[in-house]
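Here's the structure, in structure tokens; my notes come after.
A note on names: the letters A, B, ... follow the listed sequences, proteins ahead of strands, and every chain is numbered from 1.
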There are 2 protein chains.
Amino acid sequence: MKGDRTRQSIVERAVNLASTDGLEGLTIGRLADDLEMSKSGLFAHFGSKEELQLATIEEAKQRFIDEVFRPVLKVERGYPRLLALCRSWIDYLRRGVFPGGCFFAAASFEFDGRPGPVRDAIGRAMFEWIGALEKAIRMAKEAGHLDPRVDPAQIAFELNALFFGANFASQLWRDPRALDRAEKAVEARLESVRIKPSHTRSGARRKIA
Amino acid sequence: MKGDRTRQSIVERAVNLASTDGLEGLTIGRLADDLEMSKSGLFAHFGSKEELQLATIEEAKQRFIDEVFRPVLKVERGYPRLLALCRSWIDYLRRGVFPGGCFFAAASFEFDGRPGPVRDAIGRAMFEWIGALEKAIRMAKEAGHLDPRVDPAQIAFELNALFFGANFASQLWRDPRALDRAEKAVEARLESVRIKPSHTRSGARRKIA
DNA sequence: CCTACCGATCGGTAGG
DNA sequence: CCTACCGATCGGTAGG
């Protein structure tokens with residue numbers, strides 16, 4: 001019980017530290033100092049730095065799901081939910097859910113050159129996220145809200161790229177226009193493949209641009 | 001003379017190491033081992049790790065200019081050069097100019113949360129790159145090849161985002177489709193704001209999509 | 001460009 | 001959860 005609460009406070013702090021300094025820059029000594037506990041006391045909860053890193057990724061996933069994904073499930077399926085999901089991502093950066101920007105963007109670029117279980121866990125987490133994005137696109141397509149010729153994997157790739165581009169400019173330059181630019185680009189891209197609901201019974205679906 | 005050659009071989013190796021392990025993961029000891037020289041002998045060329053990091057960024061800039069930017073200057077100005085610049089970026093990833101993918105994408109995400117001269121240098125380098133991209137867009141617009149309503153900063157933001165998205169998927173997942181997806185997205189985006197040259201004297205310019 | 005060294009910090013362990 | 005410790009490595013220095 002108490003051990004669980006301690007462990008939880010450790011991984012929460014670890015996620016915040018890792019989002020600014022990286023998962024490798026996260027050190028057991030500094031984390032212990034921050035939490036005013038001994039290194040070995042903290043260490044005992046994980047057994048190795050790698051396990052601490054994996055636990056940190058798991059905690060970041062939970063926070064991401066709670067902050068970005070879950071709120072959107074109440075929006076109606078199809079185009080509205082897809083658009084809401086994209087806006088939710090941008091808003092998650094705007095609200096500063098992680099102090100160093102998107103934890104997963106940072107972790108992806110940090111570990112893409114280092115083989116091992118940590119890289120694999122980040123790869124899986126991003127695969128799940130892109131998969132969720134792709135699913136939202138596919139559902140909108142199947143609901144007749146998107147051009148049937150649309151390739152969900154391609155659109156998911158492009159939307160994710162815009163999110164990373166937003167993270168880049170807003171974090172490295174502290175450029176407040178970055179999030180607006182990303183929002184504009186995302187909305188234009190979705191609009192370009194949208195099929196607007198026809199209000200007349202005989203009205204043919206409008207051609208997409 | 002000899003000192004210059006040694007220094008050059010150090011920074012070349014440093015760029016490669018940093019592209020996979022990060023600019024902070026780059027350590028003087030490992031770099032010295034790799035080059036089969038003493039730590040202090042290597043260290044004497046720079047005076048501090050920070051100076052080594054700054055020299056490494058400078059070397060990466062040179063390589064980027066030589067590999068991505070310079071080849072494109074021979075292409076005719078306007079739309080052709082803009083398209084060639086984008087393709088050159090994607091081809092630079094494809095050729096594996098840096099072993100760990102794009103040095104600047106990695107460095108941007110690594111240092112965007114750590115204040116200091118290294119972050120500032122990366123910020124400036126990226127500012128110059130986005131500026132060059134923006135200039136290519138502006139030139140195409142002024143040549144009448146792009147919709148006059150186009151905002152060069154917006155398009156530059158989007159193109160750079162697609163490049164980073166390509167780096168992400170090709171590095172973290174080793175997904176060979178990533179570069180093709182980026183190429184497709186870039187070409188579609190440019191096409192969407194393109195004004196095709198009219199071949200008839202009386203022909204009005206076609207509306208963009 | 002080298003050997004020889006410094007204090008600090010790293011991940012991790014012993015033993016309680 | 002702690003104190004006390006380990007060898008290895010970190011960035012950096014002295015002196016040549």
Side-chain angles (χ1 to χ4, degrees), chain A residues 1-18 20-59 107 110-111 113-119 121-122, chain B residues 1-18 20-59 107 110-111 113-119 121-122:
Chain A
M1 284 284 95
K2 170 126 185 290
D4 283 2
R5 263 184 287 126
T6 304
R7 193 193 143 101
Q8 184 59 25
S9 71
I10 294 169
V11 290
E12 279 174 16
R13 190 86 194 82
V15 162
N16 290 341
L17 257 172
T20 56
D21 295 343
L23 268 168
E24 203 59 45
L26 178 70
T27 72
I28 295 162
R30 284 179 53 212
L31 191 52
D33 273 5
D34 265 34
L35 293 159
E36 288 177 303
M37 63 188 291
S38 69
K39 251 176 63 175
S40 64
L42 188 153
F43 190 83
H45 284 276
F46 305 96
S48 72
K49 179 170 184 182
E50 193 172 280
E51 285 300 327
L52 168 63
Q53 290 172 320
L54 294 172
T56 303
I57 292 167
E58 212 45 55
E59 173 65 17
E110 183 181 7
F111 272 86
R114 314 182 186 199
V118 176
R119 178 228 178 97
I122 296 160
Chain B
M1 284 287 93
K2 174 128 180 287
D4 284 2
R5 261 185 287 126
T6 304
R7 192 193 144 101
Q8 183 60 23
S9 72
I10 294 169
V11 290
E12 278 173 17
R13 191 85 194 81
V15 162
N16 290 341
L17 257 173
T20 57
D21 295 343
L23 268 168
E24 203 60 44
L26 176 73
T27 71
I28 295 163
R30 286 179 52 213
L31 191 53
D33 273 5
D34 266 34
L35 293 159
E36 290 177 300
M37 63 188 291
S38 69
K39 252 177 63 176
S40 64
L42 188 154
F43 190 83
H45 284 277
F46 304 97
S48 73
K49 181 173 182 181
E50 192 170 281
E51 286 299 327
L52 167 64
Q53 290 172 319
L54 294 172
T56 303
I57 293 168
E58 210 47 51
E59 175 66 18
E110 183 181 7
F111 272 87
R114 317 182 186 198
V118 176
R119 177 229 178 97
I122 296 159

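Annotation: side chain of A:His45 is in contact with side chain of A:Arg7 (closest heavy-atom distance under 4.5 Å). A heavy-atom distance below 4.5 Å is not found between the side chains of A:Phe46 and A:Gln53. Proximity of B:Leu23 to B:Ile122: side-chain heavy atoms (C-beta onward) are separated by under 4.5 Å at one or more points. Between B:Leu17 and B:Thr27 the shortest side-chain heavy-atom distance does not fall below 4.5 Å. With contacts defined as side-chain heavy-atom distances shorter than 4.5 Å, the pair A:Arg114/A:Glu24 qualifies.
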Worksheet item: Given A:Val11 and A:Glu58, is the side-chain contact (heavy atoms from CB on, under 4.5 Å) satisfied, shown in steps?
Response: CA-CA 9 Å; A:Val11 290; A:Glu58 212 45 55; over 6 Å; no

Worksheet entry | Worked verdict on B:Val15 versus B:Ile57 for side-chain contact (heavy atoms from CB on, under 4.5 Å) | CA-CA 7 Å; B:Val15 162; B:Ile57 293 168; over 6 Å; no

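Atom CG in A:Asp33 sits about 12 Å away from atom P in C:dG11, given to the nearest Å.
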Worksheet item: Which dot-bracket string fits DNA chain C when only Watson-Crick or G-U wobble pairs with both atom distances under 3.5 Å count, crossing pairs get [ ], and | stands for a partner on a different strand?
Response: ||||||||||||||||

Which protein N or O atoms sit under 3.5 Å from an N or O of nucleotides 6-8 of chain D?
none

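For A:Arg30, the salt bridge (Lys or Arg N to Asp or Glu O under 4.0 Å) partners two or more places apart in sequence, or in a different chain, are A:Asp21. Partners of A:Glu110 according to the side-chain hydrogen bond (donor to acceptor under 3.5 Å, both in side chains) rule, which considers only residues two or more places apart in sequence or in another chain, do not exist here.
No donor-acceptor distance shorter than 3.5 angstrom exists from the side chain of A:Lys49 to the backbone of A:Phe43, with no hydrogens or angles considered.
Taking all atoms of both residues into account, the shortest heavy-atom contact from B:Leu54 to B:Ala121 is CD2-CB, 3.7 Å.
Near-neighbour residues of DNA chain D inside residues 23-32 of chain A, defined by a heavy atom below 4.0 Å, are absent. Heavy-atom distances under 4.0 Å link DNA chain D to B:Ser40, B:Phe43, B:Ser48, B:Lys49 of residues 40-52 of chain B, given in residue order.
A:Ser38 OG to A:Ile28 CD1: the interatomic distance, rounded to the nearest 0.5 Å, is 11.5 Å.
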